[in-house]
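Taking it in order: structure first as structure tokens, then the write-up.
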2 protein chains.
Amino acid sequence: MSGKVTIATVAHHAQVSRQTVSNVLNSPHLVREETRGRVLAAIETLGYRANQAARQMRTGRSRLIAVRIEPANDGINGSILDRFLHGLTEAAAPAGYRIMLYTATGDDNEIATYDDLLASYDLDAFVLTSTHHGDARTTWLAEHDIPFVTFGRPWGAPDRHPWVDVDGAAGTAEATERLIAAGHRRIGFIGWPTGSGVGDNRREGWYAAMRAADLDPSGLERRVDDGVAEGRRSAQDLLAGAGPTALVCASDSLALGALRADARAPVAVIGFDDTPVAQAISLTSVGQPLAESAASCVELLARLLDGDTHSGRPQHVLLRPHVVVRDSG
Amino acid sequence: MSGKVTIATVAHHAQVSRQTVSNVLNSPHLVREETRGRVLAAIETLGYRANQAARQMRTGRSRLIAVRIEPANDGINGSILDRFLHGLTEAAAPAGYRIMLYTATGDDNEIATYDDLLASYDLDAFVLTSTHHGDARTTWLAEHDIPFVTFGRPWGAPDRHPWVDVDGAAGTAEATERLIAAGHRRIGFIGWPTGSGVGDNRREGWYAAMRAADLDPSGLERRVDDGVAEGRRSAQDLLAGAGPTALVCASDSLALGALRADARAPVAVIGFDDTPVAQAISLTSVGQPLAESAASCVELLARLLDGDTHSGRPQHVLLRPHVVVRDSG
DNA sequence: TTGTATGCGTTATCAA
DNA sequence: TTGATAACGCATACAA
């Protein structure tokens, strides 16, 4: 059944030269229709698939995209990467690309890994996650002219490279509006300390939605590190002060904590990220369109790699998250 | 700085032939020490890394291992794969292997993917997860002589292939013993319906531990589909009947449900898998040694691929999970 | 429209 | 112990 089917096998079977087979694959318009049909039939019959290694030797392209897999660090939010990776793999396959994994500790180590991966496997591109302020990785990649796309905006830096991101502000705004529509007037926000792009962005949505509804957000906000305990403390604190009847949180961890602030004074709570935890405890949460984000990453990369770079189409994609309604709000 | 450093560049730099460089890399014993030193120095200086594509053309080996990434289906337990994948990637790198991802829906589709991956990328091996009864994949791979290892025992089938698994029974036994040591006498078990290898195995540990302590397990067991609601119902059911004071569960989902069975009659609960959910709600849970499992998979594969197959070392690895103690039990 | 020749970077075979 | 040469499978320039 097998026994290494090469372009020569196909050529022999279809009674043409090896070159003609190659043409059918790479420049079909050069081949007469009848010949092409014969060759394609042979390819089908023999189950021929081009050998990537050989192709790569000639073209210098591996059709491989590398992504870093991080340890599920904080656990509760880590499970997002899982779904993103799945989406990436699924979107890349039909475009003819495969996903290769790597790990790294810190930006410098990651850059060294790029070098290694590039030299050994001739990677076509990288997908970067968790972009942050002063990201050395994007600088290095850009300098070396390596195609890449980030999942996450280049916070605080000029966006010279293609990126895909989720509009966190739109998410918290939708959550806030939903609570307003449900009759809440004093809606609090628990988020991360000022300075993180993602965190500030999520806070923005709540703030804007409150103002848009002529509600006063002052005193209704706490900024703390991520964590269940922190969420709980912040919620208790708010409850004792401004006394919100609902809370929008920057993460499911914070939301889970908020949910347990006070059993006697139940507040509506909406989390962020729609993690497994939210599903498990029936927490309403803002869910990111991870599969769609991944597909967009692949699309931007494919465009880059297939030379279509000057088509003028947008290099940036901002996707809207949506509130997944459950029992908590 | 770069500009494609090949074996020829190194040869030139070290004043030797290309072949000698290759020998230094692949058969060092053939090269005089002084020459070898010179070549290695050149390699270091130039930052040479062998081109995998070219190497693969000659050797037929890609140093690529494929793993399937599944959609985080049920969410709560899906996050396990994440950590396993990370471990795999981390363990494979030092052994000179890289991890490639693929997706598939159903065994047949997965087998078609094998064929594709093998033909295009010359994959060296596969790591299979979620093995099940009558697994068509292992049969196919074995028939085609493709090296592979499964994470999960070949339930109900003769184990002709290398596998790595976690001793679920040991985990639930440890959980049960822990509860016994804490003074509990009536310890219940909530697990999955009879017939799933993993589920039956986890039940075994509880049963054995109860008997070993001269405790009567009868009436203290419920078998239901996985899920928070199912866990809750089962726990309420048990509480109303045999009245256990503690519960061992086959999953964190079930455990979470059990925890909410009755706020007025708190029972000790221990879950399984130590998912992010367990961490979030401070649920004591049996944690699988995922990184270690992944490392074992790589080790078994490396042994297989490096021809060391007849060394007589064991092809099966059974690892012990451990209870991660938190507030619930 | 089709066929011939060449080279990508590496390793295996063989000769020096 | 080292070096020359061929071959892996494919794609490109060029000739027919």
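Each chain gets a letter, A, B and so on, in the order its sequence line appears, and its residues count up from 1.
Note on residues 38-47 of chain A: pairs passing salt bridge (Lys or Arg N to Asp or Glu O under 4.0 Å), not counting sequence neighbours, are Glu34(A)-Arg38(A). A side chain to side chain donor-acceptor pair (under 3.5 Å) check over residues 88-102 of chain B, counting only residues at least two apart or in different chains, returns the pairs Arg61(B)-Tyr97(B), Tyr97(B)-Asp306(B), Tyr102(B)-Glu110(B).
Every residue two or more places apart in sequence or in another chain was checked for a salt bridge (Lys or Arg N to Asp or Glu O under 4.0 Å) with Asp122(B), and none qualifies. Judged as a ring pair (Phe, Tyr, Trp, His ring centres under 6.0 Å), and not counting sequence neighbours, the contacts of His316(B) are Trp163(B). Remark: Trp155(B) pairs with no residue by the ring pair (Phe, Tyr, Trp, His ring centres under 6.0 Å) rule, at least two apart or across chains. Listed by chain and number, the residues in a side chain to side chain donor-acceptor pair (under 3.5 Å) with Asp107(B) are His132(B) (sequence neighbours excluded). Applying the side chain to side chain donor-acceptor pair (under 3.5 Å) test to Thr138(B) and every residue at least two apart in sequence or in another chain returns nothing. By the salt bridge (Lys or Arg N to Asp or Glu O under 4.0 Å) test, Asp135(B) pairs with Arg137(B), sequence neighbours left out.
One finds no side-chain N or O of Thr20(B) lying less than 4.0 angstrom from the OP1 or OP2 phosphate oxygen of dT2(D). Of the side-chain N and O atoms in Thr6(A), none sit less than 4.0 angstrom from OP1 or OP2 of dG9(D). In this model, the phosphate group of dG9(C) is not approached by any side-chain N or O of Tyr121(A) to a distance below 4.0 Å at OP1 or OP2.
Contact check of residues 28-44 of chain A against DNA chain D (heavy atom, cut-off under 4.0 Å) returns no residues at all.
Of the possible polar contacts, one joining the Thr131(B) side chain to the Arg153(B) backbone as a donor-acceptor pair under 3.5 Å is found. Under the 3.5 Å distance criterion, the side-chain polar atoms of Asp165(B) are left unmatched by any main-chain donor or acceptor of Leu318(B).
One can place CE of Met57(B) at 12 Å from C1' of dA6(D), the figure rounded to the nearest angstrom. The CG-C1' distance, from Asp122(A) to dT10(C), rounds to 14 Å in whole Å. Following rounding to the nearest Å, Arg63(A) (CZ) and dC10(D) (P) show an atom-to-atom distance of 15 Å. Distance CD1 (Ile7(A)) to C1' (dT2(C)): 14 Å, rounded to an integer number of Å. As rounded to whole Å, 14 Å separates atom P of dG3(D) from atom NE2 of His12(B). Taking atom CZ of Arg61(A) as the reference point, atom P of dT12(D) lies 11 Å away to the nearest angstrom.
Nearest-nucleotide positions on DNA chain C place Val16(A) closer to the 5' end than the other of Leu25(B) and Val16(A).
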Could you go through residues 46-55 of chain B and list every donor-acceptor pair under 3.5 Å that involves a side-chain atom there, pairing it with any protein atom two or more places apart or in another chain?
| from | atom 1 | to | atom 2 | distance (Å) |
| --- | --- | --- | --- | --- |
| Arg49(B) | NE | Asp116(A) | OD1 | 2.8 |
| Arg49(B) | NH1 | Gly47(B) | O | 2.8 |
| Arg49(B) | NH2 | Asp115(A) | O | 3.4 |
| Arg49(B) | NH2 | Asp115(A) | OD2 | 3.3 |
| Asn51(B) | OD1 | Ala53(B) | N | 2.7 |
| Asn51(B) | OD1 | Ala54(B) | N | 3.0 |

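When heavy atoms are screened at a 4.0 angstrom cut-off, Ala50(A) is found touching the sugar-phosphate backbone but no base atom.
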Where do N or O atoms of nucleotides 12-16 of chain C meet protein N or O atoms at under 3.5 Å, pair by pair?
| from | atom 1 | to | atom 2 | distance (Å) |
| --- | --- | --- | --- | --- |
| dA12(C) | O4' | Arg58(B) | NH2 | 2.7 |
| dA12(C) | N6 | Gln19(B) | OE1 | 2.3 |

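Within the helix from dT1(C)-dA16(D) to dA16(C)-dT1(D), the inter-axis angle between the opening and closing five-pair segments is 40°, rounded to 10°.
Ser296(A) and Ser293(A) share no donor-acceptor pair across their side chains, judged by distance under 3.5 Å alone.
If you check dC10(D), dT11(C), dG3(C) against the side chain of Arg18(A), the one that comes closest is dC10(D).
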